[in-house]
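Report on the structure given below.
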Number of protein chains: 2
Amino acid sequence: MGRRHGPSLSVGDVVAAAVRVVETEGPDALGISRVAAELKIKPASMYNHVASGEALARLVALEANRQFLTALQARLEGVTAPRDQLIAIAYQVRDWANENDSLYVHMARVEPDHADLDAAEILSGILAALSAPLGALGVAEGDRVHAMRTLRSALHGFVLLETSGQFQLGVNTGDSFEWLVDRLIAGVTGEQSSQNAPA
Amino acid sequence: MGRRHGPSLSVGDVVAAAVRVVETEGPDALGISRVAAELKIKPASMYNHVASGEALARLVALEANRQFLTALQARLEGVTAPRDQLIAIAYQVRDWANENDSLYVHMARVEPDHADLDAAEILSGILAALSAPLGALGVAEGDRVHAMRTLRSALHGFVLLETSGQFQLGVNTGDSFEWLVDRLIAGVTGEQSSQNAPA
DNA sequence: CCCATCAAACTAATACTATTAGTTTATCCG
DNA sequence: CGGATAAACTAATAGTATTAGTTTGATGGG
């Protein structure tokens, strides 16, 4: 055949199709062939847009991170109290992961490329959102990185365990998350938990 | 050809070979063909031992969980103080994940089969190890599940982020983990952090 | 002790996947 | 308007999982 009529596909179109595939068929369905089918082109033509299947996976992870950051910033709009900001971040992580569970799982699987400046910029944005309220709450400079890592770890771990069904049934996970957020903020900022102040 | 001389392969041999493949070539290398090569048999012969590639992945995850639980119980041997038990569990999770990072990543990828009684038993063992010290530290019955989920989340999230290189360089991750464990135990048990008692 | 059965290997075939090389052709720019 | 480029194609290679059917070593009953 040869080149088709009309506007050609851009990398953005390819990534959008790939995101669609992940969302509708799960993270394992992502691949050159499946995305090519989604775009109604032959698999070999995918290489006009991406270097490899791995590169495609990386682009999807990057796009997912971008969407996550945008949603996070929107959610923080107008939230000024630092403690409220931390709570908003926590719930945004969980809500976003639950609404986009295939994308979230995919993000978690892709190892970040530290040479990718776009990826680094997005990660910086996420970390900045976390850093600000911690500073405002008086977490010392030297503890800041530890506190951020602790928060990221707990939130990331929770949503992964939750979305992959690793919490046994019987107790509502929403209640557990509320509990986690409360204790985590208490532990990280050094303040008292609102639910369990010692006598 | 036909059946070979000498003792035949057992499922245990197959799983052991699969574990070896994961350890030496990473979680993505696990598959019917690669494990068949490791055992010096043809891929089709693998189906005499496992039902599918997915079943093989599940068996490897189960074996990894088994090994993890065994190591955890060994580490807890002789540790009687509940707070020390929690600390031992935390460091065991991190140490085991760092020493067996491919296996750990594989475990995290496989969705648990709630119908598998062996898997359920191992998970129970792990949860029991976590539950005991929390009870001894006075975490109320109704908070127990929340506390266990919080601890699992934070530990799981930390080691996943650490092993996949998602913490940016510059600050030692060991220091962060120490900080996390301290604050987490404080937050979960309602006691004061040893590092940041309010004035 | 031999023979029938069974388990575990095999071969062969199908159907995916990713990838590379070479070809065609529409679009774009000078 | 023509040549270069970009984006599609076809074709081929190699790897993956899987099923069906075949061969054969090991094993237990008569």
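Every chain is numbered from 1 and lettered A, B, ... according to where its sequence line falls, protein lines coming before strand lines.
- Between A:R58 and A:D118 no salt bridge is recorded (no basic side-chain N to carboxylate O distance below 4.0 Å).
- Remark: B:Y47 engages no residue in a ring-ring contact (aromatic ring centres under 6.0 Å, His included) (not counting sequence neighbours).
- We find that NZ of B:K42 is positioned 13 Å from P of D:dT16, with the value rounded to whole Å.
- Of the residues in residues 43-52 of chain B, B:A44, B:S45, B:N48, B:H49 come within less than 4.0 Å of DNA chain C through at least one heavy atom, sorted by number.
- Across the protein-nucleic acid pair, B:L56 atom CG and D:dT18 atom C1' stand 14 Å apart, rounded to whole Å.
- Among residues two or more places apart in sequence or in another chain, the salt bridge (charged side-chain N to carboxylate O under 4.0 Å, His left out) test is passed with B:R34 by B:E25, B:E38.
- Rounded to a whole Å, the CG atom of B:L39 is 10 Å from the P atom of C:dC10.
- In this structure a side-chain-to-backbone donor-acceptor pair under 3.5 Å is missing from B:D175 to B:N172.
- Every residue two or more places apart in sequence or in another chain that forms a side chain to side chain contact (heavy atoms under 4.5 Å, CB included) with A:N100 is listed here: A:E23, A:W96, A:L103.
- Looking at A:Q85, its side chain does come within 3.5 Å of a backbone N or O of A:V79 through a donor-acceptor pair.
- One end of the helix from C:dC1-D:dG30 to C:dG30-D:dC1 points its axis 10° away from the other end's axis, with each axis taken from 5 pairs and the angle rounded to 10°.
- Put simply, the side chain of A:H146 does not reach to within 4.5 Å of the side chain of B:L180, judged on heavy atoms.
- Counting heavy atoms from C-beta on, the side chains of A:L9 and A:I41 come closer than 4.5 Å.
- Ranked by how close their nearest DNA chain D nucleotide is to the 5' end, A:I41 and B:G53 are led by A:I41.
- The closest side-chain heavy-atom distance from A:V60 to A:V21 is not below 4.5 Å.
- The main-chain N or O of B:G165 is found under 3.5 Å from a side-chain atom of A:H114 such that the two form a donor-acceptor pair.
- Mapping A:S8 and B:K40 onto DNA chain C by nearest heavy atom places B:K40 at the nucleotide closer to the 5' end.
- Only A:G31, A:I32, A:S33, listed by number, bring a heavy atom of residues 14-33 of chain A to less than 4.0 angstrom from any atom of DNA chain C.
- Taking the six-membered ring for Trp and the full ring otherwise, the centers of A:F68 and A:Y104 sit at least 6.0 Å from each other.
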